[in-house]
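Numbering starts at 1 and runs along the sequence shown.
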Amino acid sequence: ITVVDMAVGGLKIYADRAFEIDDLLIINCKIGRMFNLDEKVRVTNVNDNLHGVQFINPKTETITFFTELYGAVYHAKGGRP
């Protein structure tokens, strides 16, 4: 599985095999040097080998990481709070 995109609510993943809507997965990977993602997700969207997955009861650390990551990207691109 390859993570293609990420957001506070979930991920877009690419997989060599097809998953079905409502399949449950555990995603465990490292993002950058410091953050280890280990979350249970539910498949919410399927488009060939691309799948949208939603976090199920994400850990506080995960929510904080994505909130800080996307806040930093938003501000770096000239966005306003």
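The ring pair (Phe, Tyr, Trp, His ring centres under 6.0 Å) analysis of residues 9-30, with sequence neighbours excluded, yields the pairs Phe19-His51. Here salt bridge (Lys or Arg N to Asp or Glu O under 4.0 Å) pairs that include residues 22-37, with residues two or more places apart or in two chains, are Asp22-Arg42.
By the side chain to side chain contact (heavy atoms under 4.5 Å, CB included) test, Asp38 pairs with Ile26, Asn28, Lys59, sequence neighbours left out. By the salt bridge (Lys or Arg N to Asp or Glu O under 4.0 Å) test, Asp16 pairs with no residue at all, sequence neighbours left out. Among residues two or more places apart in sequence or in another chain, the side chain to side chain contact (heavy atoms under 4.5 Å, CB included) test is passed with Phe66 by Met6, Val8, Leu11, Ile31, Leu37, Phe55, Thr62, Leu69, Tyr70.
Here Glu39 contributes atom CD and Glu61 contributes atom CD; the two are 8.5 Å apart, rounded to the nearest 0.5 Å. With rounding to the nearest 0.5 Å, the separation of OG1 in Thr44 from NZ in Lys12 is 11.0 Å.
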(message) Between Val53 and Ile13, is the side chain to side chain contact (heavy atoms under 4.5 Å, CB included) condition met? List the steps.
(response) CA-CA 7 Å; Val53 298; Ile13 60 172; 3.9 Å; yes

(request) Go through the steps for Val41 and Ile56 under the test side chain to side chain contact (heavy atoms under 4.5 Å, CB included), then give the verdict. (result) CA-CA 5 Å; Val41 297; Ile56 299 173; 5.6 Å; no

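Val4 and Ile21 are not part of a single hydrophobic cluster, where members link through side-chain heavy atoms under 4.5 Å apart.
Looking at every heavy atom in both residues, Ala15 comes nearest to Asn49 through O-ND2, 2.6 Å. Across all non-hydrogen atoms, the minimal contact from Val46 to Asp48 is CG1-O, 3.9 Å.
Counting heavy atoms from C-beta outward, Leu25 and Val43 have side chains that approach closer than 4.5 Å. Put simply, the side chain of Lys40 does not reach to within 4.5 Å of the side chain of Asn57, judged on heavy atoms.
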